[in-house]
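These numbers were taken from a predicted model, which means no experiment stands behind them. Whatever order the structure lists them in is the order used to number ligands and atoms, beginning at 1.
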Amino acid sequence: MMPAEDERSKDLPAGHSWIEVDYRFPPGADGARQAQMLAVGQTAGSWHARHSHREKELRSHLGEVRSLALQEDGGTVATIAFPRGNLDGSMGALLTMIFGKYSLGGVARILALRLPADYGLRPRFGLPGLRQRLDVHGRPLIMAIFKPALGLDAAGHAEILAQAAMAGLDIIKDDEILPDLAEAPVLERWRACAPIIEARRDRSGRDLLYAVNLSGDARSLQEQARRLVAEGANALLLNVLTYGFAVLEALVRDPEVAVPIFAHPAFAGALCGAPEHGLAYGVVLGTLMAHAGADAVLYPAHYGSLPFSAADETAIVAALRARAVAPVPSAGVHPGTLAQILGDYGCEVILNAGTGIMDHPDGIGPGVLAFFEAWERWQQGESLRLEAVPPGPLHRALEKWGGG
Ligand SMILES: CSCCC(=O)C(=O)COP(=O)(O)O
């Protein structure tokens, strides 16, 4: 039987010897046949009589169709269990088994994936570890994104960071669009920003994390990460879906890269955006990220600037929180969205704004202060409506972006 909706993405007990996947086949597809194709074709690969003398060995690798449910619209949802023994513990092997070659021909969508709790990696820091590093407890963490994304040199990054740091920002990240360009080399960006972070620590006793964007081929990216960390970098950003889960796994396993890793969702729409094909956002940005060792995962907030469903957001957050990974609702976040986000999430969240801080009418410092002001008012149960907010950074933000 397929589990109830709120159980669908829960981890299976540690040591469990099966991996369970829920697939939906659209109306018109022969769901039973497709499920059987997946269970055999993505495992033993052949069940021909010619191999009958190997039946015992092959059977131990064979997937099993555990349930088939016809849906109201004529589609079918099948749950298939795959032997864990077919895998080596990596996300690459897992994805190749559950959807690899089949994805090229079959029309199907993976709705949910249930992994044994001890499959893959756990975050080394997660939200509790980030809080400990920053010594910030009992309130949401406030994160900014360097904007403009391109065109800033290292000194330009430092100039922006200085304003944000002074206003009390917790975390900043590079834009994911920015690789190791000659106009702003990654090491120079870090070297230019490091003294500002140090000065903030000296002044306030509070750390500030800068998630530096990694790029390059797998080998040079890992070397870049090691070099950055050796020079004091305190967080990293990885476009996990464009560079690959294997790159994230290698970084998480690397003792020379012992800093929190922020996972960016760029490219997720290419895997998850089609309604009847690909994988659900909750699987990619929730389950897979949480089992590949990410410490914090960014995704579009459903009240932000990108079309995103509340249900997808809920599925992502549930999967991340089950493994203590920090949820980072993003894209179009500004102080006017704070009440909605905290209403949905409570305080165990990272609020991440790019233009919602950098394009504040009075500057970057006021952009950060507007978030803190919104948080203070929300905490006191005070209205965040424009008419109720006195003149100041939050008022100006609400004037520009609305919300509240
Ligand atoms: C798609 S979630 C990642 C958000 C992000 O990286 C970004 O640059 C959002 O910028 P914004 O100005 O919308 O806060």
*Heavy-atom contact under 4.0 Å between H334 and ligand 1?*
no
*Are H277 and F99 an aromatic pair by the rule of ring centers under 6.0 Å?*
yes
*Backbone or side-chain N or O of E176 under 3.5 Å from ligand 1 N or O*: yes
*Would you check the N or O atoms of A331, main chain and side chain alike, for any that come under 3.5 Å of an N or O of ligand 1?*
no
*In terms of heavy-atom contacts, does CZ of R201 have more than 12 from other residues, nucleotides or ligands at under 6.0 Å?*
yes
_Under 4.0 Å from a heavy atom of T355: which atoms of ligand 1 are those, numbered in the order shown and with their elements?_
11 (P), 12 (O), 14 (O)
*asked:* Heavy-atom pairs closer than 4.0 Å: do any link ligand 1 to the side chain of P265, the backbone, both, or neither?
replied: side chain
*If you measure every N/O of N352 against every N/O of ligand 1, is any gap under 3.5 Å?*
no
*Check each of N86, D88, L87 against L94 using the side chain to side chain contact (heavy atoms under 4.5 Å, CB included) test, and report the only one that passes.*
L87
*Report yes or no: does I357 have a heavy atom closer than 4.0 Å to ligand 1?*
no
_Are F308 and Y303 an aromatic pair, judged by ring center distance below 6.0 Å?_
no
*Determine whether any heavy atom of M358 lies closer than 4.0 Å to an atom of ligand 1.*
no
*N/O donor-acceptor pair under 3.5 Å between Q36 side chain and V65 backbone*: no
_For K173, atoms of ligand 1 separated by under 4.0 Å from a heavy atom_ = 6 (O)
_Please find the pair of heavy atoms, one from V284 and one from L271, that lie closest to each other, and give the distance._
CG1-CD1, 4.4 Å
*Protein heavy atom at shortest distance from atom 3 (C) of ligand 1*: H264 NE2, 3.4 Å
*Enumerate the atoms of ligand 1 whose separation from the nearest heavy atom of D175 is less than 4.0 angstrom.*
8 (O)
_Quick check on contacts: which atoms of ligand 1 are under 4.0 angstrom from a heavy atom of L306?_
1 (C)
*Among I316, V317, L298, V349, which one satisfies side chain to side chain contact (heavy atoms under 4.5 Å, CB included) with P329?*
V349
_Cation over ring face, R227 and W190, 6.0 Å, 45°_ = no
_Counting only nitrogen or oxygen atoms and a 3.5 angstrom limit, does G354 reach ligand 1?_
yes
*Taking the six-membered ring for Trp and the single ring otherwise, decide whether the centroids of F125 and F262 are under 6.0 Å apart.*
no
_L187/D180 under side-chain contact (heavy atoms from CB on, under 4.5 Å): CA gap, chis, key distance, verdict_ = CA-CA 8 Å; L187 275 167; D180 191 13; over 6 Å; no
*Atom indices of ligand 1, in the order listed, that fall short of 4.0 Å to a heavy atom of G332*: 11 (P), 13 (O), 14 (O)
*ligand 1 contact on I145 by region, counting heavy-atom pairs under 4.0 Å*: side chain
*Using distance alone, determine whether S330 and ligand 1 share an N or O pair under 3.5 Å.*
no
*Do D11 and H16 get their side chains close enough for a donor-acceptor pair, meaning under 3.5 Å?*
no
*Using a strict cut-off of 4.0 Å, indicate which atoms of ligand 1 neighbour a heavy atom of K147.*
7 (C), 8 (O), 10 (O), 12 (O)
